[in-house]
Number of protein chains: 2
Amino acid sequence: MLTDRQSAILGMVVDEYIETAEPVSSRALVDRHRLEISSATIRNEMARLEREGYITHPYTSAGRIPSDMGYRFYVEALMAEDPVALDERRTVEHQLHQVAGGLDEWLSLTATILSSLVGNVAVVTRPRTSTARLRHAQLVELSRDTALLVCVMDDGRVRQRILQHRQPVTQDALNARATRLNGLLAGADAANVRDRLVGLEDPDEVATARAVAESIEELRIAEETFLDGLNNALRQPEFSDVDRMLEAVAQLQAYRLRGLLESTVDGGTGTTRVIIGQENPDTGLHDWSVVVSRYGDTDAAGVVAVIGPTRMAYQRTIPRVRYIASLMGQLLHDVRQ
Amino acid sequence: MLTDRQSAILGMVVDEYIETAEPVSSRALVDRHRLEISSATIRNEMARLEREGYITHPYTSAGRIPSDMGYRFYVEALMAEDPVALDERRTVEHQLHQVAGGLDEWLSLTATILSSLVGNVAVVTRPRTSTARLRHAQLVELSRDTALLVCVMDDGRVRQRILQHRQPVTQDALNARATRLNGLLAGADAANVRDRLVGLEDPDEVATARAVAESIEELRIAEETFLDGLNNALRQPEFSDVDRMLEAVAQLQAYRLRGLLESTVDGGTGTTRVIIGQENPDTGLHDWSVVVSRYGDTDAAGVVAVIGPTRMAYQRTIPRVRYIASLMGQLLHDVRQ
DNA sequence: ATTAGCACTCTCATGGTGAGAGTGCTAACG
DNA sequence: CGTTAGCACTCTCACCATGAGAGTGCTAAT
């Protein structure tokens, strides 16, 4: 158990290190905070904190840096969250309302905004509906024997696909076919779409129906992620050597994150979780921290996350991830009603 | 004017430097190519080549590296193109035919494939139709007073947009409205769409029509670029220090490229152009070379490009960019017929 | 319990040094 | 005259030594 003074010192070390990215010396703490106690006392306390595992030092005569455990304690017990200021909120909401396009543009813009808000990489996944249903399929003639199939799901997602027909068809015939298929398949989800395909005769029509079914299934699987802010993250001093930087670029490829985010989100809705360094099951991310929050409701849920070095401004990041997540939840709710 | 022997030496220097990324010494050339002449003779010739501006050396006693002019001469007169092997073609075509999705997926996959083919950054722009016309607009109910507008253009591009209505509407009413608007606007392009909006009464219908018009214009402007292979490019030895690497990341933001690619493409169709280092009007790209090729025809054209350090394997890159461009042209033609 | 004082450790910037790589020039050669 | 051997010269780069500086840990005094 830490004494009050030890907690206070740990807090100062973490704050200082997050700000400067330099190991924190006993002297620096006394000077910076005009402490009543001497640097020698601080040294004694620091030695104890190190024995307990909250801090380390890179070599004998360097200052202290927080360990993962130190950050963990800081996040849980010490940190004073830096609330999202009113003008920050206004800017964000203003930017988000500018977008007239579809869901994709919202998500992509959200990643950009969040990333610039916290100065690290931001990831937003597309909301995954528990059961997305087909709202409408449409066929548009492209040439005599090719057509574009557009499937619109009830969560607003759209999937396009190009079809090759055996028989030439007109737009009128395509409309008729679309109407028939909509009657047959409207409201179908990935689980039951196959059962509804019975009773079709024309081979082109069967192929089209199958394409619709495949589209629905692809959309069920596809949890696209929108990522932005690589530049921000790479400017952090921890990547000041080339190997680390290349590794960072590799680690941040979106596909590595999906599993992590999914498993994290199972915890519960609405909460914001922080995963620090070694706590991460993926060993490649042992130098990284992830702040992740779920947004949406039981019908459609996705995640918002920020990823950066363990030396991350948790005070700023956590409230901002939470804020963006709740904002996304609202917007999603407004659209779906 | 260069003698045959000077040309040969220049060719060897460029080849060697492209391969090893190390300045090429007179000695190394003699050894590597088992030349009949001595290294002293090579030195004399190299001195002359340097006086003419084809090569330089970084400091007094280093080997030679090609100048931009040297690369230029190499590309125009010396280089033996490395043809795209049959199994390379087969792999590429196989991968491309895997994609069942829309144009976007094609383009994005093409960038990925090309990038891995040449080990540098690849950029593919969306084909821009001279005049894209509206083929079909569709309205899908999302909630009582919101609807999704989907505009499909005759080149297969799709734009979605969410509409807020003043009056609640049913899907049936939306269908009727879509039919009316299609009658009014089908075949409209960005130039004439405004003129066709006359005679509409219902304010929601006017708003919808205006949204269609805006979508068409946005699509005219939006020339999206698909970029891949940052990792590949960053592994080149020229980026072995952090500043250069960060700068590289910044330079390769897609938006910087658009102007360059567009202006380049004006030259003519079907040809592949190479822009080497300082030849580039954008000073930020003075250390980069660009190999760019147009694809498509007068109706719909885009560009395929590879971007990398001036020390680029032009022999491999140029034929592969040309090949991918012609392949894209074919595929585009097949779809549009 | 706190703290002044000091020895000790480790890093990092600096400068010197010498090996090595390569060139340019000169003089000799066919 | 073109070619080439030989050599002086230049520049880089890796290596090492050095010393200042930063910080700690410990001891002994308060």
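Just so we're clear, the structure is a prediction, and the values are computed from it rather than from any experiment. Chain identifiers are assigned alphabetically (A, B, ...) following the order of the sequence lines, protein sequences preceding nucleic acid strands; residue numbering begins at 1 within each chain.
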Checklist outcome for this item: Regarding the side chain of A/Ala40, the nearest nucleotide among C/dT3, D/dT4, D/dT24 is C/dT3

Checklist entry - Does the side chain of B/Ser26 get closer than 4.0 angstrom to OP1 or OP2 of C/dT23 through an N or O atom? => result yes

Next on the checklist: From C-beta outward on B/Ser38, which listed nucleotide comes closest to its side chain: D/dA5, C/dT3, C/dG24?
Outcome noted: D/dA5

Checklist entry - Counting side-chain heavy atoms from CB outward, which of C/dC10, C/dT3, D/dG25 is closest to A/His57? => result D/dG25

Checklist entry - What is the distance from CD1 of B/Ile37 to C1' of C/dG30, rounded to the nearest Å? => result 17 Å

Checklist outcome for this item: Quick note, A/Arg5 side chain, CB onward, closest among D/dT24, D/dG25, C/dT2 is C/dT2

Checklist entry - For A/Ile65 and D/dG23, what is the distance between atoms CD1 and C1' respectively, to the nearest whole Å? => result 15 Å

Checklist entry - Below 4.5 Å, heavy atoms only, C-beta onward: do B/Tyr74 and B/Asp15 meet side chain to side chain? => result yes

Checklist entry - What is the distance from atom OG1 of A/Thr3 to atom CD of A/Glu45, rounded to the nearest 0.5 Å? => result 5.0 Å

Checklist entry - For A/Gly63 and B/Tyr59, take the nucleotide of DNA chain D holding the closest heavy atom to each; which residue's nucleotide lies nearer the 5' end? => result B/Tyr59

Checklist entry - Regarding A/Asn232 and A/Ser115, is there a side-chain donor-to-acceptor distance under 3.5 Å anywhere? => result yes

Item to check | side-chain N/O A/Ser25 vs D/dA22 OP1/OP2, d < 4.0 Å | outcome: no

Checklist entry - Does the ring-ring contact (aromatic ring centres under 6.0 Å, His included) test come out yes or no for B/Phe239 and B/Trp288, once each step is laid out? => result CA-CA 12 Å; B/Phe239 303 119; B/Trp288 298 81; 5.3 Å; yes

Next on the checklist: I need the CD-C1' distance between A/Glu50 and D/dG23, as an integer number of Å.
Outcome noted: 13 Å

Checklist entry - Rounded to whole angstroms, how far apart are CD on B/Glu36 and C1' on D/dG2? => result 16 Å

Next on the checklist: So, under a plain 3.5 Å distance rule, would you say the side chain of A/Ser61 forms a donor-acceptor pair with the base of D/dA22?
Outcome noted: yes

Item to check | Phosphate OP1/OP2 of D/dC7: any B/Arg43 side-chain N/O under 4.0 Å | outcome: no

Checklist entry - Taking OP1 and OP2 of C/dG20, is either one under 4.0 Å from a side-chain nitrogen or oxygen of B/Arg27? => result no

